Every structure is written in C-alpha cells, then in structure tokens.
Amino acid sequence: MSSDSKNTTAPGESAAPKNFIRTIIDRDLAKGRHPSIVTRFPPEPNGFLHIGHAKSICLNFGLARDYDGVCHLRFDDTNPEKEEDFYARAIQDDVRWLGFDWGETVYHASDYFEQLYGFAVELIEKGLAYVDSQSPDKIRAQRGTLTEPGQNSPYRDRPAQESLDLFARMRAGEFEEGQCVLRARIDMASPQIILRDPVLYRIRKVAHQRTGDTWCIYPMYDFTHCLSDALEGITHSICTLEFQDNRALYDWVLDNVPSAPCHPQQLEFARLNINYTVTSKRKLLQLVDKNFVSGWDDPRMPTIQGMRRRGFPAAAIRDFCTQIGVSKKDSCVDMGFLESCVRDDLNDNAPRAFAVLDPLKVVIENYPEEQVEEFELANHPKRPDMGTRTVSFSRELYIERNDFLEDAPKKFFRLAPGREVRLRGAYFVTCTEVIKDDAGSIVELRCTYDPQTRGGDAPDGRKVKGTLHWLSARHAIEAEVRLYDRLFTEENPTGDKERDFKEFINPNSLTILPDARVEAGLAEAEAEQCFQFERQGYFSRDREQSETGKPVFNRTVTLRDSWAKKK
Ligand code: ATP
Ligand code: MG
C-alpha cells in the first residue's frame with residue numbers, strides 16, 4: 001500500500017483518509033479559490049467499468065460528497081463508436097449500483113462539439129493553430145524523439161485566413177480522412193514531445209452515436225478534455241498518472257484559448273493495479289471475445305458487473321477503495337485485500353445457512369420414519385436483529401462427504417466409524433455402519449442419534465469435538481454451486497512482455513458442483529443475495545438457473561484467506 005494511505009486506519013466510508021488531493025483541495029478552499037468543488041468521472045463509453053474505475057468513481061464522487069460539492073458523470077465520447085449507447089447505459093447502472101448519484105444531468109463531451117469548434121477557430125485566429133495538409137505518417141515522422149527535436153511542417157506558417165478557410169472546409173466534408181488535420185502551433189523543439197504541435201482535430205467520416213452525421217471532424221482527447229472541464233466549471237480534474245505528460249498541453253490549451261471559461265487544475269494519482277487479474281478494458285475485452293469467460297459479467301471478471309454478480313457488496317468495494325488510499329506512487333494491491341474487505345462486510349451482514357456441497361447420505365436408524373422436527377436456528381450468531389429460520393430434521397440426512405473418513409486419524413474431529421459428532425443445532429449422532437457400492441465407494445452411512453441431546457447439547461455434559469452442518473434429505477433443495485479461483489496463475493499476468501497474458505489464465509478458475517443441496521428457504525433468495533454457508537464460505541444467488549433448472553449459487557469468497565496459506 002502507498003505511503004499516503006498510512007493514516008488509513010478507520011475502515012468504512014465516513015472516515016476517508018487524508019491524501020495529497022484532499023490537502024490541495026483544503027488549501028484551495030481556504031484561499032477562497034473556489035466556493036465549492038466540482039469534480040468529474042469521465043469514462044469513455046467503449047467498455048464496461050472495472051475495479052480500477054471503481055477507485056476513480058469513489059475518489060471523485062467521494063470528494064464531492066465529503067466537501068459538499070458536486071461530481072459530474074461525463075461521457076468522453078469523442079470517438080464515434082457504434083456500441084456507445086449500450087456501454088453508456090451499463091456505466092450509469094454501475095455508478096448507481098456503487099452508490100453514487102450525479103444529479104439530473106449526464107454530461108457528454110459530444111454536447112460541446114460546436115463550442116469546441118469555436119475554441120479551435122479562436123486558436124487559429126491567434127496564429128496558435130494551423131491546418132496541416134500532410135499525411136499522418138509524415139506528421140509522425142517529423143515529431144522527433146526524446147533526444148532530437150521535431151521538424152516544422154511546411155504548412156506551419158500558412159496564413160491564419162487560409163487555415164480558417166481549410167478548417168471550415170474540413171468541417172464541411174470537402175476532404176478525405178487523413179488528408180489534413182488541425183494542429184496546435186506550439187514548439188516543434190519542445191523537450192515535452194506532447195507540445196510539438198499536437199493534432200487537435202482529425203477527419204473521421206463516421207456517424208456518431210449522439211450527433212449522427214452532423215460532424216465529420218472530431219476533436220482529440222487533449223483538446224476536448226480540458227475544455228470540457230472548463231465548460232463545466234470543474235475545479236479539480238483528477239486523472240491517472242499516465243496523463244502527467246499531457247498536463248502541459250492541458251494547461252497550454254486553457255491558457256491560450258481566449259474564451260475558455262476557467263482553468264481547472266489537473267491532478268494525477270496512481271492507477272489501481274491488482275494482482276492475479278488485469279485492469280484494462282482492451283484486455284478484458286479479449287477475455288470476453290475469446291470465450292475465456294462467459295461475458296463481461298462473469299463472476300471471475302474484475303468488472304463492476306462481474307463483482308456484483310459474484311456477490312461483492314457495493315459497500316465492500318467502496319471500503320476497499322477508501323482503505324487502499326490515493327497516492328502518486330504506482331503500486332499493486334493484493335487481490336486478497338479486496339476479498340478481505342468483502343469477507344468483513346459479509347461476516348457482519350450475510351445471514352447464515354446450511355448447504356451441503358458434496359452430499360453423502362446419512363440414515364439415522366433409531367429415528368422414526370415419518371417424524372419431522374423443526375429446529376429454530378439464528379440467522380446470525382451475533383445479530384439477533386437478523387432473526388431466525390427453521391430447518392427441518394428427519395431420518396434421512398445429508399452431510400458433507402469430506403466430513404467423514406473411514407480410517408480417520410486421531411485428530412480428525414469429524415465423523416468416522418464409531419465416533420460421535422454434533423449435528424449443529426440438532427442432535428449428537430454416532431456412526432454405526434458404512435455402506436459401499438460394488439466398486440467400493442461409500443454411498444451411505446448408518447448412524448444412531450441420542451434423543452437426549454436435542455438442540456445440540458448433552459445433559460450428562462459429555463463433549464464431542466466435531467460439529468457438522470447437515471440437511472434433511474427430503475426437505476433440502478437441489479442446487480448448483482460454482483466455486484471461483486483466481487483468473488490468472490501469475491501474480492502479474494502482463495509482466496512478461498515476451499508472452500501473451502492469456503497464456504497465464506488459470507485453467508481451474510471455475511469448479512462446478514452440480515449436485516449440491518441447500519436449505520429449502522434459499523429457493524426464495526434473490527439474485528445477488530449473499531449467505532454464509534456455514535463452514536463453507538460466502539455464497540450469492542446467481543440470477544440465472546443451471547441448465548437443469550436448479551438455482552445457482554456463486555462462491556463470493558472463502559471463509560478465510562486460503563491463498564495466504566498456499567504461498
Ligand atoms: P482502460 O485502461 O481500462 O482502458 P481507460 O482509462 O481507458 O481504462 P476511461 O473510460 O477513459 O478508461 O476511464 C475513466 C476514468 O477512470 C479515467 O479518469 C481513468 O483515469 C480512470 N481509470 C481507469 N482505469 C483506472 C485504474 N486502474 N485506476 C484508477 N483509475 C482508473
Ligand atoms: Mg482513457
């Protein structure tokens with residue numbers, strides 16, 4: 001974790017830790033530079049949001065919340081793309097699910113196309129922009145390198161009037177893509193390559209999702225972003241460190257466009273990286289397209305939709321983002337830390353239930369055939385407010401197959417021939433016989449129960465070492481349970497530039513248990529509702545059913561950090 005997050009002691013959202021961005025905001029407000037703050041979250045609607053975006057969302061919306069300011073949701077939609085609307089809707093859904101609200105207006109960079117055009121005209125009039133009639137390849141070749149200056153374009157000193165005319169004709173569609181561009185006229189010898197007459201506008205004869213065929217020239221990111229910020233009165237424009245070099249251009253544009261309404265301050269922080277996964281839309285798209293996962297919302301994906309489907313509570317994700325803090329130093333956060341935030345939340349809030357993932361039948365020989373008893377069990381050991389549920393008990397039960405061992409060592413405190421255990425909340429039972437099929441596999445256990453131990457305690461004070469979960473065979477319902485593991489086998493799947501990250505996909509990231517049993521009450525569980533399956537972990541109901549029509553439960557997280565032990 002970063003050094004800035006050292007004072008991140010208090011978990012939870014109310015106690016956001018101090019960080020360098022808050023220090024700057026405090027100073028700006030104290031100096032009266034702004035009456036209040038305005039931040040923004042500016043996704044490009046070309047993919048689904050992932051945990052990295054969640055960090056940016058929590059940061060920007062969290063600052064607005066804590067400082068009584070506002071945070072705009074703005075789509076950075078300067079690349080005309082077909083599926084924009086589909087992604088834009090999913091993004092809004094995700095931000096809302098994470099618990100944030102952007103008010104009445106959804107902002108779009110495309111709303112500013114006309115104003116941006118006007119700003120570009122102002123730059124041309126001031127002699128600070130020109131139409132370059134060279135090919136993109138030529139322009140690239142003249143850019144120079146870190147050690148060599150670039151070369152001036154032969155069109156650099158073209159009269160402003162000529163550029164104005166050409167720019168208008170670019171807009172009118174008189175030129176083909178790549179025939180000419182509008183460039184800022186800054187300094188081809190600048191040590192900051194970004195300032196070597198960057199392209200501000202290019203021709204793209206593609207319809208835009210929102211503006212249709214109105215435009216065939218589209219502004220570049222560096223020109224659009226700062227001016228969109230200025231038009232919206234953004235006070236602090238917070239982005240990731242990759243944009244540090246772009247800040248020079250951000251500032252240049254705002255300093256030089258005469259009618260730019262204000263000059264927001266760009267601040268950069270380190271992007272979130274998490275081990276055993278990838279956080280890049282482009283790479284996540286490959287996983288989806290090549291069917292390594294079932295979709296953007298596959299519960300193994302680090303997308304907001306995937307995490308949500310897996311059962312991660314929004315509050316746990318927010319808590320994670322608060323706790324990792326904000327810094328200027330790149331770092332990689334342990335996936336186990338995200339999981340521990342989820343576990344902490346679910347430990348407090350998820351009702352308990354019995355589920356037998358790999359059932360082994362147990363017949364209680366001295367229990368009457370037709371008898372059924374109902375045991376009232378607490379939904380949460382520490383929260384009486386969460387109430388109780390009834391679980392039926394009968395002569396035929398299921399226990400977990402790995403809770404029985406025929407040749408059990410002494411320290412095996414579960415069931416074995418001749419040994420007594422507690423069936424949680426019900427009775428003590430003793431194994432009397434093991435029944436096998438012809439192949440020698442155990443198919444059933446015969447047990448006896450002690451009627452004196454009703455409720456799970458012996459009146460004579462005798463103790464048993466093991467307590468097992470169980471289900472009545474005839475009352476439990478069938479379910480499919482899906483266990484998830486890390487998506488990648490390597491901590492840093494993109495670390496080896498010689499090899500494709502997809503080579504490191506974990507072939508065992510999904511295990512399906514098709515024949516599990518769960519408490520009957522879970523038939524009513526809603527999609528994404530989470531439970532602690534006692535002794536097994538935290539699980540959430542999937543929105544879909546299995547191919548055979550059973551309810552599906554996804555393992556959200558294990559009870560403990562099993563990975564920490566493996567390492
Ligand atoms: P990707 O790298 O996955 O393609 P992006 O940066 O292109 O993401 P945008 O839609 O442009 O995606 O991102 C919207 C906002 O989210 C930007 O302000 C960006 O800086 C921020 N963001 C993206 N990835 C991360 C990350 N890993 N950590 C923190 N913030 C991020
Ligand atoms: Mg981006």
Side-chain angles (χ1 to χ4, degrees), residues 1-2 4-5 19 21 39-64 71-79 81 83-84 86-92 94-95 98 100 102 106-110 220-222 224-226 228-229 232 234 236-247 250 264-288 296 301-307 317-318 320-333 335 337-338 492-494 501:
M1 243 191 288
S2 66
D4 290 284
S5 63
N19 56 49
I21 294 179
T39 56
R40 87 285 171 269
F41 172 64
E44 205 179 318
N46 62 351
F48 288 86
L49 300 181
H50 52 63
I51 184 71
H53 296 112
K55 175 170 180 177
S56 175
I57 292 167
C58 290
L59 175 60
N60 282 294
F61 282 94
L63 288 169
C71 178
H72 293 181
L73 174 64
R74 181 201 313 143
F75 287 109
D76 211 334
D77 57 349
T78 47
N79 285 316
E81 268 181 61
E83 294 189 294
E84 225 167 65
F86 163 67
Y87 289 123
R89 269 182 285 130
I91 289 171
Q92 292 181 54
D94 286 349
V95 176
L98 263 182
F100 297 104
W102 53 85
V106 175
Y107 295 85
H108 293 84
S110 57
M220 302 300 285
Y221 171 86
D222 285 311
T224 310
H225 202 83
C226 54
S228 302
D229 282 348
E232 290 176 18
I234 302 296
H236 300 86
S237 177
I238 302 164
C239 60
T240 39
L241 280 177
E242 313 88 272
F243 292 95
Q244 205 156 18
D245 289 345
N246 302 55
R247 186 176 356 116
Y250 186 102
Q265 184 178 4
Q266 177 178 310
L267 300 168
E268 307 91 16
F269 71 101
R271 58 185 285 126
L272 168 62
N273 301 302
I274 298 195
N275 61 10
Y276 297 105
T277 192
V278 291
T279 46
S280 141
K281 274 187 274 190
R282 208 169 39 81
K283 296 203 170 72
L284 294 172
L285 180 64
Q286 290 182 50
L287 297 180
V288 175
W296 285 99
M301 292 280 272
T303 51
I304 294 182
Q305 307 228 345
M307 295 187 290
I317 297 175
R318 292 197 300 266
F320 168 77
C321 292
T322 304
Q323 293 211 49
I324 54 175
V326 178
S327 89
K328 269 198 169 289
K329 215 176 83 207
D330 269 318
S331 67
C332 187
V333 176
M335 178 62 98
F337 185 60
L338 173 57
N492 181 4
T494 56
F501 75 103

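Since we're looking at a predicted model, the values are computed, not measured. Note that ligands are numbered from 1 as they come in the structure, with each ligand's atoms numbered from 1 the same way. In what follows, residues are counted from 1 in the order of the sequence shown.
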Margin query: I'd like to check which ligand 1 atoms, numbered from 1 as shown, lie under 4.0 Å from a non-hydrogen atom of S280.
Written below: 3 (O)

Margin query: Under a 4.0 angstrom heavy-atom cut-off, which atoms of ligand 1 come close to S56?
Written below: 16 (O), 21 (C), 30 (N)

Notebook entry, point to check: Among the heavy atoms of H50, does any lie under 4.0 Å from an atom of ligand 1?
Noted result: yes

Notebook entry, point to check: atom 19 (C) of ligand 1: which of D76, T240, L241, L285 has the nearest heavy atom?
Noted result: T240

Item checked: Shortest reach to atom 5 (P) of ligand 1 by a heavy atom, considering only K55, H225, K281 -> K281

Looking only at distances, please establish whether an N/O atom of ligand 1 is found under 3.5 Å from an N/O atom of [X].
| X | result |
| --- | --- |
| R282 | no |
| P43 | no |
| E44 | yes |
| L272 | yes |

Item checked: Smallest separation among heavy atoms of P264 and I234, with atom names -> CB-O, 3.1 Å

Notebook entry, point to check: CG/L241 to NZ/K328 distance, rounded to the nearest 0.5 angstrom?
Noted result: 5.5 Å

Notebook entry, point to check: Is there a donor-acceptor pair closer than 3.5 Å between any side-chain N or O of T240 and the backbone N or O of R271?
Noted result: no

Note to self: Between R247 and E268, does any NZ, NE, NH1 or NH2 come within less than 4.0 Å of an OD or OE carboxylate oxygen?
What the structure shows: yes

Note to self: Determine whether L285 and F48 satisfy the following criterion, side chain to side chain contact (heavy atoms under 4.5 Å, CB included), listing intermediate values before the conclusion.
What the structure shows: CA-CA 9 Å; L285 180 64; F48 288 86; over 6 Å; no

Margin query: Using the side-chain contact (heavy atoms from CB on, under 4.5 Å) definition, which of the options I324, N275, N273, I51 pairs with V333?
Written below: I324

Next item on the list: Identify which one of R40, Q265, Q266 satisfies the side-chain hydrogen bond (donor to acceptor under 3.5 Å, both in side chains) criterion when paired with S237.
Entry: R40

